[in-house]
Amino acid sequence: MAQRIYNFNAGPATLPLPVLQEIRDELIDFHGSGMSILEISHRSKWFEEVLDDAIVRTKRLLKLDDRYHVLFLQGGASMQFCMVPMNLALEGRPLDYIDTGTWSTKAIKEARIQGKQVNVIASSEDREYTYIPGQFEVDPDAAYLHLTSNNTIRGTQWHQFPNTGKVPLVSDMSSDIFSRVFDPAPFGCFYAGAQKNAGPAGVTLVVMRDDMVERCPENIPTMLKYSTYASKKSMFNTPPCFGIYVVQLVTKWLEETMGGIEKMAALNRKKAELLYACIDREDFYRGTADADSRSFMNVTFRLADPDLESKFISEATAAGLGGLKGHRSVGGCRASIYNALPLEGVEALVQFMRDFVRTNG
Ligand SMILES: *Cc1c(COP(=O)(O)O)cnc(C)c1O
């Protein structure tokens, strides 16, 4: 019998066990085809059903109306950093960005490389990206406002999206898609590398509204144009079939086992509150993000005595709590508690953290 740990890795990250079991059970002979999903033509009825179901479930979970396309790309969220300005900029209009660190910073860089007029209208760089900026003005003339809904590395999250008037919001939602309830209406586009909260590495979800697809210029390469994916239902060329299949199973699990996004979001909040309460209770631990900006997905913290951090991480690993090391760029500790990380995993971590204080405090 295989031994599974509680996997707190930031990405690629833990997947729901029932999804893994389903993949295993139907791997050799997919739905009576006599082939595995890895071997099937993307033009076959078997794959077409998978793709259609992934799209339908994604739209239902995120309450997307008919104006929205669900696209599956390759190249990760990082590819969207360049494709978004390439496709969605408008002649003579600025691009507004908010810089909450790492991923936003990279997105800004990719827009500037292309010579776009980028205005960083707010940034939390002054305090090492430990908070979500509150005061800023969106240029009503901007082609879009780009932000990162959840900073996976710094452990910060937008809990309320800014009111941008008529300016469409564009968001990198790599680490909190499907984790929360939000109104999609202000969004012209959002995207997510699947490997955090939606599936495996190798597939990227892009949700885009009709009017944004219409912006895509003709004179850019076919594979870098969102309209190619929208007009061909992500099948202009061979799509990342296996990744799409896993996303389909994850969305099915969200709907049928977890009861939809509202229930999932409530559970995520409960998990996060449990962990932050433990961090705040003990002087031994220090949360790194401002209280009102704390992420419900990536809980970042330090030990008051940083010399104890490597001991903390290695003893946790030995206790079956894996992946608690902070990102190499910031150090410290990080518990990624995505949808698939069960409440029992957070409870086990909290118990471990209390015990660790008792023996090392
Ligand atoms: C992981 C991550 C990325 C990078 O994703 P890739 O798919 O590796 O390009 C971008 N943005 C956020 C918020 C992330 O968490």
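Owing to the predicted nature of the structure, the values given are computational and were not obtained by experimental measurement. All ligand and atom numbering here is 1-based and tracks the order in the structure.
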Exercise. Any side-chain heavy-atom pair from Met264 and Trp253 closer than 4.5 angstrom?
Worked result: yes
Problem set entry | Per-atom contacts, ligand 1 versus Asn150 - under 4.0 Å to a heavy atom | 13 (C)
Problem set entry | Test: Lys196 cationic atom under 6.0 Å from Trp103 six-membered ring centre, within 45° of axis | yes
For this session: Carefully, step by step, assess Ser179 and Asn197 under the rule side chain to side chain donor-acceptor pair (under 3.5 Å).
Result: CA-CA 8 Å; Ser179 75; Asn197 207 23; 4.6 Å; no
Problem set entry | For atom 4 (C) of ligand 1, closest protein heavy-atom neighbour | Trp103 CZ3, 3.4 Å
Seminar exercise, completed: The atoms of ligand 1 lying under 4.0 Å from a heavy atom of Phe81, numbered in the order shown, are 10 (C)
Exercise. What is the closest protein heavy atom to atom 5 (O) of ligand 1, and at what distance does it sit?
Worked result: Ala77 CB, 3.6 Å
Problem set entry | For atom 9 (O) of ligand 1, closest protein heavy-atom neighbour | Ser78 OG, 2.6 Å
Exercise. With a 4.0 Å cut-off on heavy atoms, is Ile153 touching ligand 1?
Worked result: no
Exercise. Between Phe284 and Phe356, how do the two ring planes meet: parallel, tilted or perpendicular, split at 30° and 60°?
Worked result: perpendicular
For this session: Using side-chain contact (heavy atoms from CB on, under 4.5 Å) as the criterion, point out the one residue from Val170, Asn119, Ile121 that pairs with Leu145.
Result: Ile121
For this session: State the CG-CD distance between Asn298 and Gln157, to the nearest 0.5 angstrom.
Result: 8.0 Å
Seminar exercise, completed: Taking only non-hydrogen atoms of Gly76 and a 4.0 Å limit, the atoms of ligand 1 in range are 7 (O), 9 (O)
Exercise. How close does the nearest protein non-hydrogen atom get to atom 15 (O) of ligand 1, and which residue and atom is it?
Worked result: Thr152 OG1, 2.4 Å
Exercise. Mind checking whether Trp46 and Ile37 have side chains closer than 4.5 Å, heavy atoms only?
Worked result: no
Problem set entry | ligand 1 contact on Tyr191 by region, counting heavy-atom pairs under 4.0 Å | neither
Exercise. With under 30° as parallel and over 60° as perpendicular, where do the rings of His159 and Phe296 fit, or are they tilted in between?
Worked result: tilted
For this session: Considering heavy atoms of the protein only, find what lies nearest to atom 8 (O) of ligand 1 and give residue, atom and distance to 0.1 Å.
Result: Gln195 NE2, 3.4 Å
Exercise. Going by the order shown, which atoms of ligand 1 are within less than 4.0 Å of some heavy atom of Ser174?
Worked result: 10 (C), 11 (N), 12 (C), 13 (C), 14 (C), 15 (O)
Problem set entry | Arg127 to Tyr131, cation-pi by 6.0 Å centre distance and 45° axis angle | yes
Exercise. Among protein heavy atoms, which sits nearest to atom 11 (N) of ligand 1, and what does the distance come to when rounded to 0.1 Å?
Worked result: Asp172 OD2, 2.6 Å
Exercise. Among His327, Lys196, Met297, whose heavy atom sits nearest atom 1 (C) of ligand 1?
Worked result: Lys196
